[in-house]
Amino acid sequence: MPIQLKDISYIYDRGTPGEKRALDHVDLTFPDGEFIGIIGHTGSGKSTMIQMLNGLIRPTEGTVILNGTDIFKEPEDEQVREYLKTRFGEDSREFLKKKLTGKDRKAAKAFFMLQVRRKVGLVFQYPEHQLFEMTIEKDIAFGPGNLGLEEDEIRRRVLRSLEMVGLDESYLQKSPFELSGGQKRRVAIAGVLAMEPEFLILDEPTAGLDPRGRDEILGKMKQLQKETGITVILVSHSMEDVANYADRIVAMDNGHVRYVGTPAQVFSHGEELKAMGLNIPQVTELQLQLEKLGYVFPETILDIPHMEAYLMGEVKRTC
Amino acid sequence: MLRDITIGQYYDTDSLIHRLDPRTKVVGTFLFIIGLFLVKSIFGLVAAALSLLIIIRITKIPLSFILRGQKAIAMLLLFTVVLNMFMVAGDVLVAIGPLHITFQGMYMAVFMAGRLVMLMIGCSLMTLTTTPLQLTDALERLLRPLKKIHVPVHDIAMMMSIALRFIPILMEETDKIMKAQSARGADFESGGLIQKAKSLIPVLVPLFISAFRRADELATAMEARCYRGDEGRTKMKELKYTVKDHVAKLIMTALAAGLFCTRYLPGVLSTIQAIGKILGRG
Ligand SMILES: Nc1ncnc2c1ncn2[C@@H]1O[C@H](COP(=O)(O)OP(=O)(O)OP(=O)(O)O)[C@@H](O)[C@H]1O
Ligand SMILES: [Mg+2]
């Protein structure tokens, strides 16, 4: 089921002189199973938007809909009862009592929010700054532990997510603080993967990594999306990365969504993107320059192999 | 949630008061506080309140914003009022069992509460109209005479300005870490006291690590720019008093003196009454 943002606005520090409208009437749907890239200049509202997808911040206006339900809606009595039934059992006093208390509602709401957090995993910018446990194993196990899973299941998930970020079992008992920056980043990403989310959101996961580490991590995420069918949402400042990995791109500008479409569609607006402080992949730039010289391209080209094929064709044709 | 705390916050409206020398504001606040403590009667309190309102008008900061910032002292205020109401002996108004509320108690409660609120508002006006950096600059300059007796005034001021600068950074950091751990299913709200305290570990550990990291980076950055303490250090912006500042200080001194004089007001009034009576008879 997709996540939908309906007419979302968000204002920071409302009612102070520093009031700032970070999102302005955003309507957007994140469909299932795709790899979605979000681009936008610094301060365009990308981080603000993705924090709404798992209910970490509440929109000033508008609704966030996950699997057909508004994630911020107060649970109905019916749902609270359902929660009490699964939590305490069918013939427990909590379930059979006549009147629901405020505490019940609060607990039910926290429970439903936890379900949202389980389904929508979010890796923040610089996630390595949130590591806190003595060992890597414990740190990765924090999320699954909060979900109340069995020990065996937690262990399975820890191993699986560690492997997914390209680290082996020898790391389990190490302290996360003795790792390099890039390794810490992987451990932090594994901590979210261990929740086994249906939507995985990554806020600039490759900032400050070397090219190999970047390709490895993004490659793993792409593989994960293809194999398990989860949705991956990647916020990135690298046009090459989103062009290479994303099925769909969202371009943001000053709190608005400007373009949504396939990489070829979005990057065909080269001039407009540049005016928004963004760029286009270098091969696409080359195409733009060639077009100015009178060459005609059948489609927008995003990667080197396609450009090479086109150029070789041209060379053959003219010689 | 953390953003509701407004202590030490700066609210820029570029009013006349914002543009005063920070030392003037520190001295002025000090004078106001002295005046407030010299007040003995309700008359004086009302006079102080009126002058405070006028000052707030000049700062152009919305009154509602200032009052919102006083939420933090609500508990203290309640405590003062309740304590005074029940503890002061005098003419009994209401009696509840062994407790009784006296007229004098009520009077004292209102009086103390008014004084406390105005004290807090006076101080927050200073911080609302002065950036923390200006404030430490002013303190450093005002306390400079203490250097003669080997008080490390500059170092204290530098520590203070760094600490003040770090408060919002650390708050933001806390917010971010809490969100990140919530994204992994952490729950900071439910459970008893111990449960709640335990749930803070995943926030506090990264927070401390980041605070130390930042401190370390800042120290390196300062050394890289040849910071060696006070010795031979000059300032880009020397503080300078202007006519405005002298006028402002005069007004505040007059205000403090005026507030002091209000304690004689009831006496003066009754004297005038007595003289009037005598004249009326004659
Ligand atoms: N905690 C905050 N308090 C006040 N304003 C904020 C806060 N966080 C973000 N903003 C403002 O909201 C706007 C959007 O910020 P956001 O972090 O969503 O941008 P971004 O697109 O993620 O930028 P970047 O690419 O630099 O990460 C910015 O103008 C920023 O100044
Ligand atoms: Mg961001």
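Quick note: numbers below take in every heavy atom, side chains included, and nothing from hydrogens, waters or symmetry partners.
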Around [X], counting heavy atoms of other residues, nucleotides and ligands shown, do more than 12 lie under 6.0 Å from its [atom1]?
X        : atom1 : value
B/Met222 : CE    : yes
A/Phe112 : CZ    : yes
B/Met126 : CE    : yes
B/Leu50  : CG    : yes
B/Tyr227 : OH    : yes
A/Arg14  : CZ    : no
A/Phe72  : CZ    : yes

Margin query: If you apply the rule side-chain contact (heavy atoms from CB on, under 4.5 Å), what do you find for A/Phe177 with B/Ile209, and how did you get there?
Written below: CA-CA 10 Å; A/Phe177 301 108; B/Ile209 292 172; 3.2 Å; yes
Item checked: Residue, of A/Asn146, A/Leu147, A/Val192, A/Ile57, that accumulates the most heavy atom pairs under 4.5 Å with chain B ->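 Ranked by heavy-atom pairs under 4.5 Å with chain B, first place is A/Asn146.
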Notebook entry, point to check: Atom CG in B/Leu207, atom NE2 in A/His129: separation rounded to 0.5 Å?
Noted result: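 So the gap between those two atoms works out to 12.5 Å.
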Item checked: Distance, nearest 0.5 Å, that separates CZ of A/Phe124 from CD1 of B/Ile177 ->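 The distance works out to 11.0 Å.
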Note to self: Need one label for A/Gln51: side chain, backbone, both or neither, based on atoms under 4.5 Å from any heavy atom in chain B.
What the structure shows: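 Looking at A/Gln51, just its side chain touches chain B.
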Notebook entry, point to check: Where does B/Ser182 contact chain A at under 4.5 Å (heavy atoms): side chain, backbone, both or neither?
Noted result: both
Item checked: Polar side-chain atom of B/Gln181 near backbone of A/Gln130 as donor-acceptor pair, under 3.5 Å -> yes
Margin query: Looking at A/Asp139 and B/Arg184, is there a salt bridge between them, counting it only when a charged N and a carboxylate O are closer than 4.0 Å?
Written below: yes
Check: Is any side-chain heavy atom of B/Pro206 less than 4.5 Å from a side-chain heavy atom of A/Leu131?
Finding: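 No; the side chains remain at least 4.5 Å from each other.
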